Amino acid sequence: MAWTKYQLFLAGLMLVTGSINTLSAKWADNFVAEGCGGSQEHSFKHPFVQAVGMFLGEFSCLAAFYLLKCQGRRQSASSVEPQQPFNTLLFLPPALCDMTGTSIMYVALNMTSASSFQMLRGAVIIFTGLFSVAFLDRRLAPSQWLGILITIAGLVVVGLADLLSKHDSQHKLSEVITGDLLIIMAQIIIAIQMVLEEKFVYKHNIHPLQAVGIEGFFGFVILSLLLVPMFYIPTASFSGNPRGVLEDALDAFCQVGRQPLIALALLGNISSIAFFNFSGISVTKELSATTRMVLDTLRTIVIWAFTLALGWEIFYPLQILGFLILLMGTALYNGLHRALLACLSRRWRLPTQEGEQERLLGDDSRTPINEAS
């Protein structure tokens, strides 16, 4: 069935804003500017400040939710209303997971390439699948187990590509290895977040935009408060800022003041995450969760192409193999092969089982509420 103009707009918006989200974060990392007190020029390495900005973008999804709510009232619709009351603190545990996982990923993004960052995030399906079996009593299909095994193989290939590639002074081999491991560690935490959301949040039928906004509020407030003790926690050269502390927010603001393009990159990150969450939820609703997964895969290709074109990284053929293996594993886990077989059966008029539709884990309504940048 042909897509409408609105559906094409949503798909394009998700692809563009999702790509901008990672690219703008990496763009900010590439800037060099003076800090506070006339300190020497240094790279903009402030992952926790960037994470605060991302949660601000998620928090803004509440505005979109209330706009839809007002529109629904005018049209006598109640699709955005929860079926039963819920406690806002219900979102605190997944918000803490989101805050921790996102912060770790922004730290890792300083250490590795944007393409490897995006590819290694595919590890989330491994831990989501295992945790869903352990804590949600879900039974995975054989194709999903096969998808997990293939994804593990793809992660190994991507890791080998990073190990065998040449590294410059900005990304040393030890940093790249640490960054890759941190990304995978972050996916464990993100998988816990998804399981918590499904176990405690979905049963209340809360609108995804409201869920993203509430989690963004908790993440923004808590992480903003944590910037104060981070200002005094010494980490030597690991942090990359002149004072050698876990996060120097004042240094970040000074660098932004001396290099306005950093502010533009941060604004792109904040705004893109809000539109990305909105468009992703809308794509799932208007099209399907499988379409959302395909667009997210295309986002990896766009990010990879842009980083190569901008000279942020060098092309290595082994990355193609790793990406294709990851793509195959993700497609199997998310059931894309069933949609492909259904499409072929319609083309060749083959018999199909009734009710077999394209979906992620058996129900489009149970897609992850929130996706990290």
Side-chain angles (χ1 to χ4, degrees), residues 18 22 101 105 108 112-136 138-165 176-177 179-195 198 288-305 315-344 356-364 366-368 371-372:
T22 299
M105 283 194 288
T112 189
S113 64
S115 61
S116 294
F117 168 83
Q118 196 66 32
M119 290 181 195
L120 292 174
R121 287 182 58 205
V124 70
I125 69 170
I126 299 172
F127 306 109
T128 303
L130 296 178
F131 291 159
S132 65
V133 171
F135 301 109
L136 300 178
R138 173 173 292 152
R139 295 184 61 183
L140 298 183
S143 61
Q144 291 178 308
W145 285 113
L146 180 60
I148 288 175
L149 293 176
I150 292 176
T151 300
I152 294 174
L155 294 174
V156 171
V157 174
V158 173
L160 285 175
D162 283 339
L163 288 175
L164 298 176
S165 60
V176 171
I177 295 174
D180 290 351
L181 292 176
L182 285 175
I183 294 170
I184 294 176
M185 183 191 305
Q187 302 319 302
I188 299 176
I189 301 172
I190 297 299
I192 295 174
Q193 173 197 347
M194 292 181 178
V195 171
E198 181 161 347
S288 69
T290 303
T291 304
R292 183 174 180 175
M293 185 272 292
V294 172
L295 291 172
D296 203 48
T297 302
L298 291 176
R299 179 166 67 118
T300 303
I301 300 176
V302 172
I303 292 170
W304 194 5
F315 173 76
Y316 297 102
L318 193 58
Q319 279 189 319
I320 296 181
L321 178 61
F323 173 73
L324 291 176
I325 296 175
L326 285 173
L327 178 61
M328 185 185 303
T330 304
L332 281 172
Y333 184 84
N334 289 322
L336 185 60
H337 63 289
R338 293 196 296 269
L340 181 61
L341 289 175
C343 180
L344 291 176
E356 185 174 7
Q357 298 175 349
E358 49 181 325
R359 52 183 70 203
L360 281 173
L361 296 177
D363 189 351
D364 281 355
R366 289 179 175 254
T367 52
E371 288 187 301

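Starting from 1, each residue takes its place in the sequence as its number. Because the structure is predicted, anything quoted here is derived from the model rather than measured. Every heavy atom of this structure was used, including side-chain atoms; hydrogens, water molecules and symmetry mates were not.
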Quick note, side-chain hydrogen bond (donor to acceptor under 3.5 Å, both in side chains) partners involving residues 179-188, not counting sequence neighbours, are T112-D180
| query | Side chains of F315 and I320: does their closest heavy-atom pair fall under 4.5 Å? | reply | yes
Is a side-chain N or O of S116 found less than 3.5 angstrom from the main chain of S113, in a donor-acceptor match?
no
With sequence neighbours left out, the residues meeting side-chain contact (heavy atoms from CB on, under 4.5 Å) with L146 are I150, L332
pair I303-R299: side-chain heavy atoms closer than 4.5 Å: yes
*Quick one: does F131's side chain get under 4.5 Å of I188's, heavy atoms only?*
yes
By side-chain contact (heavy atoms from CB on, under 4.5 Å), L130 pairs with (sequence neighbours left out) I126, W145
In this structure, CE of M119 is separated from OG1 of T300 (nearest 0.5 Å) by 7.0 Å
Side-chain heavy atoms of F127 within contact of M194, under 4.5 Å
no
d(L318 CG, L160 CG) to nearest 0.5 Å is 6.5 Å
Measuring only between side-chain heavy atoms, which start at C-beta, is T151 closer than 4.5 Å to I325?
no
ask   = Checking Q118 side chain against S115 main chain: does a donor-acceptor pair fall under 3.5 Å?
value = no
